[in-house]
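In this text, all values refer to a predicted model and were calculated from it rather than measured experimentally. In listed order, ligands and their atoms are each counted from 1.
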Amino acid sequence: MTVEGSGIKHDDVLPSSIHSTLLSMGPRYNMAIEIAPRNALSQPSLDSMTHAPPAQCMRHTKVPTLAFKNAREVDRYVATVVESLIRKNNSAGLRTVLGLPTGSTPIGVYRELIRLHRDKGLDFSNVVTFNLDEYWPMGKESIHSYRRFMQETFFDHVNIPAENVHIPDGTIPLGDVEAFCEAYEHAIEKAGGIDLQILGIGRTGHIGFNEPGSPPDSRTRMVTLDPVTRQDAASDFFGDENVPLQAMTMGVGTILGARKIVIIALGEHKAPIVRRALEEPISEEVTASFLQTHRDATFAVDLAAASELTAMQTPWLVGAVRWNPPLEKRALIWLSQKLKKPLLKLEARDFVEHRLHDLVRDCGPTEAIRQRVFNDLLGGICTRPAGNERQKIIVFSPHPDDDVISMGGTLWTLNDQGHDVHIAYMTSGNIAVFDHDALRHLDYVREFHTIFGMDTEPAQALCEKLSHAITTKQSGDFDTEEVLNVKTLIRKTEATAAAKTVGVGEEKLHFLELPFYRTGKVSKRPISDEDVAIIARLLREQRPGQIYVAGDLSDPHGTHRVCAQAMIRALEVVKPEGIVPEVWLYRGAWQEYEPHEIERAVPLSPEVMLRKKLAIFKHESQKDKALFPGHDEREFWVRAEERAKKTARIYNDLGLPEYYGLEGFVRLSGQL
Ligand code: F6R
């Protein structure tokens, strides 16, 4: 069956839950579908996390696109597609040929498939796999090799026979690469072609390592990696200078030869390229756009990765919508910004001329709409974010600097207004400390012992040992536990100094060091009961009236996302004990909430902004150049200042009062 207009075929590999969701949307879902406002992202009520429909079909995309409320749902969907295919083939005595990706995106799918194997008896003994790519040169045992990644992440945990696994070999001498690639193509052919190809998408729009410029008929070959791709891999390699310049990859033509393709995109940092791949014309500049030519390709994305699609940004431009207050707010801000007119100056014909007549019909008259949105924004500006009564407040900071970067002004304000403000640092952030910084601190310890005539020998010996561990480390290798401790200490002392700058004393700081983060690597463990228990214990001890949590859906390594999940679980644990604080979400260093999402805006005066900057400066190890700057080269204090000023400017342009800076927050709603 095909849902009209979507191009999505509901054959037996589409999970029944999604099948029924689509059916419930009506035969012409593209006429009736209700697009969730982006606010749904920023208000992860527990209710919506557990009961919301599993997927929305996006309108106006050139490849069928299913948007799921979070990464976990995407993982489950993709794993179910794989599972259904394998079970169908197994029962017909056929083998299943899978094309597999690496990277951060598919990890959840592999975890889910392992679970299905372990708990539901999913049998992989008749599965053949072909991986998309491998860095070149690359030793098979290297911590960076895709071979090792696949073994550790997937193959070691399921029963795919070793001889059925194919991965490009990064140890092949240059002269033999061409022949190897040809043989790889033959092996795919001999296996009967790929039944199901799973893909991720790079920020350059690459599929496999088919960087911009790769033609649609390209086959398996050696390629040069794009600088953006190398920058994205830099964190895994501890510096982009360690990322190989080349890789072997299946070609675009090889990928398009698969009978079915599911491409996954997770996180806001993928949103711009997802939009280009799905809404712009096919081009070699975005090789994922070639999927528009495939007869059975589907994008499976989370709401964050879908957030720049027209259907999410301006759904009223692509069809009928069911208006609600968040959507009304979004549309009005859009109209005001588009016309460069303050909200209260928008006129009836502005609505009509910009496809908002339905809004006027359903929610009008015009003056009521603009006044409602204006009042909502004005009412959200709040100079006393915790009210007049003294309250206990905990700010949860995923890394040691998110608190001051994202809400340093509010932190100071809360303190200044007499509240009992605590800060809980959820992880040590130790992997983001440069080696040279650790060495400098070791020098300091050595000199300190000498200057004060202390028992220098053990200290000197330890410093020597640690320096040796750092300087003899192979580029991109992990640190030893002891070196990680030094790096943790550096970040801890910086956080303590920064907290003091915004008025929070050392006795009110809680360094939680959640276990999920303690791998010493960029890749982390999934959250465990232990992580949740640590947070729950703090909530029990402190019984805060208000808490602040980083509500990020995507940061470069997913730490914020994991911290937010752990927080939500901890709040569920303590709720029956009567601990139900007011929860406000703030954005981490990477983005601010968009104006239509912001429910509370806290003003910053020039003096408070300066204090916030001084606090950020205390994070010296992250200054000048952060080890993991994300996709923004600006220093954190610059980002923080520009972001707060930009929000203030946006409010002012909408016709609201003019502030020096504003910090934005969203309330966590739903039944806890
Ligand atoms: C990996 C691969 C790449 C990745 C893409 C996204 O085998 O072929 O195309 O899928 O670079 O990477 P992540 O998932 O790390 O964002």
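- One side chain, Asn89 or Thr96, offers a donor N or O that lies under 3.5 Å from an acceptor on the other.
- Using cut-offs of 30° and 60° for the angle between ring planes, the Phe237 and His144 rings count as parallel.
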With side-chain contact (heavy atoms from CB on, under 4.5 Å) as the test, would you mind laying out the steps for Arg76 and Val81 before giving the verdict? CA-CA 9 Å; Arg76 286 223 290 256; Val81 173; over 6 Å; no
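- Between the side chains of His560 and Asp402, at least one donor-acceptor pair of N or O atoms lies under 3.5 Å.
- Side-chain contact, Ser428 with Glu513: no donor N or O sits under 3.5 Å from an acceptor N or O.
- Listed by chain and number, residues touching ligand 1 at under 4.0 Å (heavy atoms only) are Pro101, Thr102, Gly103, Ser104, Thr105, Leu132, Asp133, Gly200, Ile201, Gly202, His206, Gly208, Lys270.
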Could you check Val78 against Phe68 for side-chain contact (heavy atoms from CB on, under 4.5 Å), going step by step and ending with a plain yes or no? CA-CA 11 Å; Val78 179; Phe68 295 80; over 6 Å; no
